[in-house]
Novice: 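I am attaching a structure below and will ask some questions about it afterwards.
Note that the structure is a prediction, hence the values are computed from the model and not measured.
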Amino acid sequence: MRNAKRARPHFRLDESLLTGLPPFSKLDSRQIREILDQASARRYDEGSAVFEEGRSAERFFMLLDGYIRVVRISPSGEQVIVMHIPGGQLFGIAKALGHTTYPATAVTAAESLALSWPTRLWDTFVAQYEGFSTETYKTVGTRLGEMNNRIMEMATQQVEQRIANAILRLVNQTGRKVEGGIEIDFPITRQDLSEMTGSTLHTVSRTLSGWEKHGLISSGRKRITVCDPHRLVLLSGATG
DNA sequence: ACATTAATTATGT
DNA sequence: ACATAATTAATGT
């Protein structure tokens, strides 16, 4: 039966969701409780936007499970994939960068689960939760370093090496062991790889086919597993 | 050393 | 059956 409208049922989020995650690892269970009671949880289908570039940063997020694809669109309409964020990390933390709007769009690369809080809570989180700010600045620093490396790659390396580096990054961050190698844990297309490397899906397809022929990787539709990481590193590294 | 264009085939609902 | 992904060859800068 269709019942009367009622307020969103208040699910008590389990404390184990946050305990152990770096930004919260130093907190006692009372503090975790506090934080969880102010959070809202939401599930996202694959490919749905969590927030969009330019929009006011109303909330910040903790990705509990799944993967976030950070995306920007050029004025001419081409998409660029800035990076991927795995579960267990904060994202949409515009406030940490001194922004009031989101600097990029966040799309789920797989079905995902995220907590979020109103951005007005950011300062109190920083002020009263030990380790929160230092840990978040660590992740900001890590991401900055990655983007830094990407800039170098873009400027100096050829497409094949950039693709190799992109895949290695994904494998390091999201790789899960399967028989015969390490698989990228979420669906990824040649188009995606091209948007990460400033290339085209055709070039990506050709290079991947070549690698597959030589046993470096194996791939199906939207799936890539690295069989020989070592040789891939050789390809990606100093001029071959 | 790569993009573009185009045609063809494979794969998932 | 249909849409989306991937491959492959030919041609262009």
Novice: What is the distance, to the nearest angstrom, from the CD1 atom on Ile163(A) to the P atom on dA6(C)?
Specialist: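 Taking CD1 of Ile163(A) and P of dA6(C), I get 13 Å after rounding.
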
Novice: Taking all non-hydrogen atoms of both residues, which atom of Ser40(A) and which atom of Arg59(A) are closest, and how far apart?
Specialist: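 Closest pair (atom of Ser40(A), atom of Arg59(A), distance): OG-NH2, 2.8 Å.
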
Novice: dA10(B) C1' sits how many Å from Glu212(A) CD, rounded?
Specialist: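 Going from CD in Glu212(A) over to C1' in dA10(B) covers 13 Å.
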
Novice: Quickly work out the Glu78(A) CD to dA3(B) P distance and round it to whole Å.
Specialist: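 The answer, rounded to whole Å, is 12 Å.
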
Novice: Out of the candidates Thr225(A), Val171(A), Leu170(A), Thr174(A), only one should pair with Glu183(A) under the side chain to side chain contact (heavy atoms under 4.5 Å, CB included) rule; please name it.
Specialist: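 Checked Thr225(A), Val171(A), Leu170(A), Thr174(A) against Glu183(A); only one passes side chain to side chain contact (heavy atoms under 4.5 Å, CB included): Thr225(A).
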
Novice: For Ile188(A) and dT11(B), what is the distance between atoms CD1 and P respectively, to the nearest whole Å?
Specialist: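 Roughly 19 Å, once rounded to whole Å.
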
Novice: For Arg162(A) and dA3(B), give me the distance from atom CZ to atom C1', rounded to whole Å.
Specialist: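 For the pair Arg162(A) CZ and dA3(B) C1', the rounded distance is 12 Å.
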
Novice: Are any of the side-chain nitrogens in Lys138(A) or Glu135(A) under 4.0 Å away from the carboxylate oxygens of its partner?
Specialist: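 Looking at Lys138(A) and Glu135(A), the cut-off is met.
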
Novice: CG of Asp192(A) versus P of dA5(C): gap in Å, rounded?
Specialist: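 About 8 Å, once rounded to whole Å.
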
Novice: Please classify the nucleic acid contact of Arg190(A) as base, sugar-phosphate, or nothing, using heavy-atom distances under 4.0 Å.
Specialist: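 Here Arg190(A) touches the backbone only, sparing every base.
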
Novice: Here's a test of your reading of the structure: between Arg221(A) and Ser205(A), which maps to the more 5' nucleotide of DNA chain C?
Specialist: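 Nearest nucleotide further toward 5': that of Arg221(A).
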
Novice: Could you check whether Ser209(A) gets within reach of a base, just the sugar-phosphate, or nothing at all, counting any heavy atom under 4.0 Å?
Specialist: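 Sugar-phosphate: the residue Ser209(A), judged by heavy atoms under 4.0 Å, touches backbone atoms but no base.
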
Novice: Is there, by distance only and without an angle test, a donor paired with an acceptor across the side chain of His202(A) and the base of dA6(B) below 3.5 Å?
Specialist: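 Flag set: donor-acceptor pair detected.
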
Novice: Quick check on dC2(B): is either OP1 or OP2 less than 4.0 Å from any side-chain nitrogen or oxygen of Gln158(A)?
Specialist: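 Answer is yes, contact under 4.0 Å.
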
Novice: Rounding to a whole Å, what distance do you find between Trp211(A):CH2 and dA6(C):P?
Specialist: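 Rounding to the nearest Å, CH2 of Trp211(A) and P of dA6(C) are 15 Å apart.
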
Novice: Look at the side-chain N and O atoms of Ser199(A) and state whether any lies under 4.0 Å from the OP1 or OP2 oxygen of dA3(B).
Specialist: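 Checking Ser199(A) against dA3(B): at least one side-chain N or O falls below 4.0 Å of OP1 or OP2.
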
Novice: Please evaluate the base of dT8(C) for a donor-acceptor partner in the side chain of Arg206(A) within a cut-off of under 3.5 Å?
Specialist: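 Checked by distance alone, the answer is no.
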
Novice: Ring pair (Phe, Tyr, Trp, His ring centres under 6.0 Å) with Phe61(A): which residues, sequence neighbours excluded?
Specialist: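 By the ring pair (Phe, Tyr, Trp, His ring centres under 6.0 Å) rule, Phe61(A) matches Phe51(A), Phe91(A).
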
